[in-house]
*Asks:* 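I have a structure I would like to understand better, so I am pasting it below and will then ask my questions one at a time.
Each chain gets a letter, A, B and so on, in the order its sequence line appears, and its residues count up from 1. Keep in mind that this is a model prediction, so the values were computed, not measured.
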Amino acid sequence: MGTGGPVYQPQPGVFDEMLTADGSVRNGWSPLANWFANTDPASQLSCAQKIERLVFENFSDPQRGRQLWHLDLIPLVLDRPEWSQIAAAACQRARLYNALLADLYGAQSVLAKGILPPTLVMSDMSYLRPLHGVLPDGGHLTFLALDFARDPQGNWRIIDTHTETPAGHGFALANRMVVAEVFGSLFRQTRATRIGQFYQDLTDDILRRAKGDNPTIAVLAPGPTDAAFVGHSYMARYMGQMRVEGSDLRVVGNRVYLKTVDGLKKIDLLVRAIEGHRADPLELSPDGFDGPVGLVEACRQNSSLMINALGTAVVENRGLSGYLPALSRHFLGEDIALGDSPRIWLGDPAARAQVLASLGEYIIHDAQEGTGSPGQAAQGRSILNLSTEARARLEDDIRFNGQKLVAERPVGFSTAPAWTPDGLRPEPYALRVFVASIDGEFQVMPGGLALTVDAGATVALSSTQARSRDVWVTTDDSLQPAISLIKIAAQHSTTVQRHATQLQSRVADNLFWLGRYCERADGILRIVRQTLQRSTADLLAMPSSYRPFAALRRLVEQDEVEGFDFATAAAQSDSSAIWLNEICSNEARTLGIPVTFKNIQNIAIQCRDRLSEDSWRILTSLEAEPLSCLMPAKDAPTQLHPIDTLLPSNALDIIESADAMIERLAAFAGMSHENMTRNTGWLFMDLGRRIERAKQLSELLLALLEKVENEDTENDDLLFVLQTADSYITFRSRYRFAPEASLVLDLLVIDETNPRSLAYQLSRISDHIAQLPKSADDAVRAPDQRLALEILTKVRLADAGELAEVDAKDNRSNLRTLLKTVIAELPHLTELVSRQYFSLADEQPQRLHPQTEN
Amino acid sequence: MPRYQVSHKTTYAYASPVIQSHHLLHLGPRTVPHQVVHRHAIIIEPAPAAKSERTDYFGNPATLISMEDQHRELTVQSVSEIEVNPVTKPDFNATPSWEAIASGKAAPMSAEVGQFTCASRHARPSRLLYEFAKPSFPQGTPVMEGARRLTERIFTEFKFDNSTTDVSTPVEKVLKHKSGVCQDFAHLQIAALRSLGIPARYVSGYILTHPPPGQVKLEGTDASHAWISVWSPDTGWVDFDPTNNLVNSPEHVTIAYGRDFEDVSPIGGVLLGGGKHSVAVAVDMRPLDK
């Protein structure tokens, strides 16, 4: 052994994947074992940290806070002969389940012949009766996954089946991306098989099935609140398919349509990533709104509309285990290649009595668990650690609901090495294998997902913290397919382009608001930064009428928040400090930093499949925390200067953080500007950005320039406005003297060449709206076009000198009138655009109250 | 042979316009051995954009309609003319013991029958319901005799009260308060029978009501009704009405059956828009002179 970590010691008597009982390294493991033995612990740690970082970038979910996904440094290696057995068993299962589904949703011959107890199927809520008779040509199953485990002696068994959604593919793909980045050369030395070809073939096959010239295919998945959201989004993006939610779809005349900004577009094929029973509230679970109303009838009319077909979850029923050998002989004329864990279905009266008589030997599980998400299976129940009462409840449950339960004797698991900073440790694990139907044949993805399991009380992949591993399958082929994941990802981005014309209303809505919130965050941050920079530099200002806080005050005033009274706050001597604190720290303020950042991130999650990795990284890195104010104690005795009572003690840190956040937002803006194709999606995002900037700028000008306090502050106010609006350099390059109101207003309001001016925003808004899908090409303009043009024209016709005019009461009433009009009309414009393009997505369907029978 | 004309009219009024709606109707009388449907039609106002007729998993006629035009009111009226043949009441004491039914020893249950022993959303077996049913089923009680006693107990021990329950009231609550409507009594009895392992299904339909002596029957005062059916291999399905303590009555018209109300709800639907809504139901069942 070299300079590496301590020697790996599996548990005696338990099969280990890397080492045999006599300590020699198994086939395929040598490169990894050598690496571990010859790499110093510090380098190992840095590899592990790199993996941790990459996993975080891929899986972090700002909505849930901490990520629950972990990826081990050490993959699981399986050599080809071992793998061939697994693959053969998995494919046989796929064929068997397909045949069983066709029978259960058709003739039900296995129930009539008594090969399968009828109540096993009939008690399962995932047997969807309304789908009886709907038999897809290509079979019910396109995707399935099987969880394999070895017992401590090394014999394989199948512990669970996932036939409902393609959950887990996203995780497997992302794991491989990460591990390949860290362990590329070890991967090649191990001669492990690439998985890209499998997904390429699958994607091509799905395209072929959809038929038609330019078919519309979408992955129908639950929204961001679902635990599997990240995985589904990853898979959809990887395969170059649109991810849609139930509310994006509408069934008209028994066909499924996508709500796009262009109107309804027919969907040709749906990849189902939602649970079947939640797919149609009309005919399936009344509380399931994950699919569009009427989907079941649409599937009746076109049985190949969805893959997997609705109703496939019924073969996940664990009660089937004991009947698989007979079913295999019946349907396939073959013996089952690999059985399930030994399980007893408790709907059988004799079996139930037997289990009740020796309950302590068993773990009781639900027969149908209905989740395909790795790491989320429920723990089984054992009476060993139950109170008398709980035991009685379990016994009653078995007695009265035995049809829905299975009993299982714990078999135990083999181990595989897991990396820890103190060396490798043997951990029990199970292996998820993915199967898909490609060109009418079931094929196994040459890799998978291995997860650490709790060997004591478990029969499934049920660790609450999903500790996962990549799976490397060695290849004996001398020729590796030349295709790599990166190359496929590139090929598929061309597929995405093709769908880009079909922008979902929901996505357009999201992009519009992403643009708005990013611009809002930028605007607020600039005001905060400018205010603090001024205040920390300007030691002479008097707190009572301290002008630079006027912009912040305006932000607070615009936004009513429960429990905050603006008038009371304004009357206080230290109100300036209140404004700053409200904007930076109040987590309920719509125009504050915490809410705006949260809004940005929520939207980023929802349209993650539309964002590049870089954009995603930037947006999820926005942090409001460092900007929150540490305010001085109100009655702190010795203040050096009145200004200190106004400023947070961490003012300089806030300025620095604001700088950093403004940079990030600028990076995102630049990236959207440089990298996004100028399609409708970009139009909506930029439209949002421009509307928000026009509004922010108008408010800023009103706050500081509407009223002239005195000659001295006027100069400061003009400078503040110029700097906040990022136009100071432009002004200085044109005029060599101190700012003068009419010139500043010309630059910031009327000058259409200044990308920070009001006129520029309005002219972009008008152009963008004219390019939107429903805008009229001819002379008759749509209402949103008319309104945009009307606002723009008002600003264009304004005169800088008149705007700067001050009346007898020191007010700029012309400026006020113009800006108030803009501020009042912009929400109408937003409403017109929303109603035209997004409104279809807004309405949530509701159930009709059923009538009671008397 | 009693022959009836039934009109079942439901009117939904919406607070705001419905943009699109889909409805699933179980209003057409199904085929059962003892009744003949002479005439049946469903009238929908406004006219639906699409309408399709099918037979559901349980063999009930079902109608799917979708409305694509904005509307503030929806009226669905089902009109039927049905002949009901009296069924001879079987000898309950000659039926197999309930234990023989539950264990399958009397006869193996087909999938069609067996499904009605399984838990459904509104009728799940439990220890509590088992204890409730047990006094009507001492050891060796013929299954139909036990079912009759349970029907009678619910009729006498429970109060008809349409203010305490709604469509989602669990049977445990009905049992606790000893009150409810026909639907609650049906669910309760089904869940109790299933707790013993006896196949029991939910039947929706209409019942002929009689005005108090000396008064004229008012229009629209009937209601849709629900009762249950219990299975035994020698008798097939036998109807019990726990609300009225009746067995195989010729004054009941069957519309549909299923595991519970959810399978046969007369009108279900999902709306886009509509806001709050109210529903008015008028049912008329009249014997026709020959």
Side-chain angles (χ1 to χ4, degrees), chain A residues 104 108 110-112 114 116-125 127-133 250-254 280-283 285-286 289 292-294 296-297 300-301 347 349-350 392-393 395-397 399-404 839-840 843-854, chain B residues 10 12 19-24 49-50 52 54 56-58 64 66 68 103-104 108-115 117-119 121 124-127 129-130 160 162 165-167 181-183 186 195 204 223-226 243 261-263 265-274 277 279 281:
Chain A
L104 293 180
Q108 298 187 340
V110 285
L111 305 184
L116 195 58
T119 50
L120 189 158
V121 176
M122 294 300 155
S123 62
D124 189 339
M125 293 289 198
Y127 180 67
L128 305 179
R129 286 170 175 75
L131 274 304
H132 184 257
R250 186 162 159 178
V251 179
V252 181
N254 299 330
D280 181 356
L282 185 66
E283 295 201 56
S285 292
F289 284 86
V293 186
V296 167
E297 182 65 11
R300 278 191 200 111
Q301 303 297 329
R393 268 203 306 277
E395 284 170 348
D396 273 357
D397 210 12
R399 205 162 154 202
F400 295 105
N401 285 302
Q403 290 166 335
K404 291 170 175 262
S839 66
L840 278 174
E843 284 129 12
Q844 287 306 312
Q846 62 160 331
R847 270 196 80 77
L848 197 68
H849 298 314
Q851 36 176 296
T852 318
E853 295 176 327
N854 290 307
Chain B
T10 309
Y12 284 95
I19 295 156
Q20 188 202 29
S21 69
H22 287 87
H23 302 272
L24 173 59
S52 65
R54 57 185 299 269
D56 74 9
Y57 184 84
F58 305 97
L64 282 161
S66 63
E68 298 292 341
S103 65
M109 286 180 218
S110 65
E112 202 275 321
V113 171
Q115 67 180 330
T117 65
C118 300
R121 197 177 295 264
R124 300 168 193 272
S126 69
R127 158 76 61 188
L129 292 157
Y130 173 84
F160 184 92
N162 57 13
T165 56
D166 62 29
V167 281
V181 297
C182 65
Q183 186 174 319
S195 300
S204 87
S224 52
H225 187 50
T243 312
F261 172 73
E262 197 169 285
D263 286 329
S265 167
I267 302 181
V270 184
L271 322 167
L272 268 181
H277 56 263
V279 55
V281 183

*Asks:* May I ask you to test the Glu283(A)-Leu64(B) pair for a side-chain heavy-atom distance under 4.5 Å?
*Replies:*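 Yes, their side chains come closer than 4.5 Å.
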
*Asks:* Measuring only between side-chain heavy atoms, which start at C-beta, is Asn401(A) closer than 4.5 Å to Pro125(B)?
*Replies:*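 Yes, close enough: below the 4.5 Å cut-off.
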
*Asks:* Taking all non-hydrogen atoms of both residues into account, name the closest pair between Lys404(A) and Ala119(B) and its distance.
*Replies:*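 Result for this residue pair: CE-CB, 4.0 Å.
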
*Asks:* Rounded to the nearest 0.5 Å, what separation is found between the OG atom of Ser285(A) and the CD atom of Glu262(B)?
*Replies:*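 Rounded to the nearest 0.5 Å, the OG-CD separation comes to 7.5 Å.
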
*Asks:* Which atoms of Leu282(A) are under 4.5 Å from chain B, going by heavy atoms: the side chain, the backbone, both sets, or neither?
*Replies:*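 Both backbone and side chain.
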
*Asks:* Between Pro845(A) and Val270(B), what is the shortest heavy-atom contact and its length?
*Replies:*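 Scanning both residues completely, I find the closest heavy atoms to be CB-CG1, 3.6 Å.
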
*Asks:* Hey, does Ser52(B) have a side-chain heavy atom less than 4.5 Å from the side chain of Gln301(A)?
*Replies:*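 Contact flag for Gln301(A)/Ser52(B) side chains = no.
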
*Asks:* Side-chain contact, heavy-atom cut-off 4.5 Å: Gln115(B) with Arg129(A)?
*Replies:*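 SC-SC contact between Gln115(B) and Arg129(A) confirmed.
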
*Asks:* Under a 4.5 Å heavy-atom cut-off, does chain B meet the side chain of Val252(A), its backbone, both or neither?
*Replies:*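 For Val252(A), backbone and side chain are both near chain B.
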
*Asks:* Working note: Glu68(B) + Arg250(A), criterion salt bridge (charged side-chain N to carboxylate O under 4.0 Å, His left out); need CA distance, chi angles, decisive distance, verdict.
*Replies:* CA-CA 11 Å; Glu68(B) 298 292 341; Arg250(A) 186 162 159 178; 3.4 Å; yes

*Asks:* For Ala111(B) versus Gln108(A), what's the shortest heavy-atom pair and its separation?
*Replies:*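 Taking Ala111(B) first and Gln108(A) second, the nearest heavy atoms are CB-OE1, 4.3 Å.
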
*Asks:* Taking the side chain from Gln20(B) and the backbone from Val251(A), do they hold a donor-acceptor pair closer than 3.5 Å?
*Replies:*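 At least one qualifying donor-acceptor pair exists.
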
*Asks:* Just verifying a value: how many Å separate His22(B) NE2 and Asn254(A) CG, rounded to the nearest 0.5 Å?
*Replies:*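 One finds 7.5 Å between NE2 of His22(B) and CG of Asn254(A).
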
*Asks:* With chain A, which of Arg124(B), Arg121(B), Met109(B) has the greatest number of heavy-atom pairs at distances under 4.5 Å?
*Replies:*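 Heavy-atom pairs under 4.5 Å are most numerous for Arg121(B).
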
*Asks:* Given a strict heavy-atom distance threshold of 4.5 Å, which part of Arg54(B) is in contact with chain A: side chain, backbone, both, or neither?
*Replies:*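 Just the side chain, heavy atoms under 4.5 Å.
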
*Asks:* Run the side chain to side chain contact (heavy atoms under 4.5 Å, CB included) check on Gln403(A) and Thr117(B) step by step: do they pass?
*Replies:* CA-CA 10 Å; Gln403(A) 290 166 335; Thr117(B) 65; 3.5 Å; yes

*Asks:* If you tally heavy-atom pairs under 4.5 Å against chain B, which of Pro349(A), Ala112(A), Pro286(A), Gly294(A) wins?
*Replies:*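 Ranked by contacts with chain B, first place is Pro286(A).
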
*Asks:* Roughly how far, to the nearest 0.5 Å, is the CG atom of Asp397(A) from the CZ atom of Arg127(B)?
*Replies:*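 Arg127(B) atom CZ to Asp397(A) atom CG measures 11.5 Å (nearest 0.5 Å).
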
*Asks:* What is the minimum heavy-atom distance between Tyr57(B) and His132(A), and which atoms define it?
*Replies:*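 What the structure gives for the nearest pair is CD1-CB, 3.6 Å.
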
*Asks:* Using a 3.5 Å distance criterion without hydrogens, assess whether the side chain of Gln846(A) forms a donor-acceptor pair with backbone atoms of Gly273(B).
*Replies:*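 Pair found, side chain donor or acceptor close to backbone of Gly273(B).
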
*Asks:* Measuring heavy-atom distances to chain B, does Pro281(A) have an atom under 4.5 Å in its side chain, in its backbone, in both, or in neither?
*Replies:*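 Its backbone and side chain both get close to chain B.
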
*Asks:* Between Glu297(A), Arg300(A), Met125(A), Arg399(A), which shows the greatest number of heavy-atom pairs under 4.5 Å with chain B?
*Replies:*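 Highest number of pairs under 4.5 Å: Arg300(A).
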
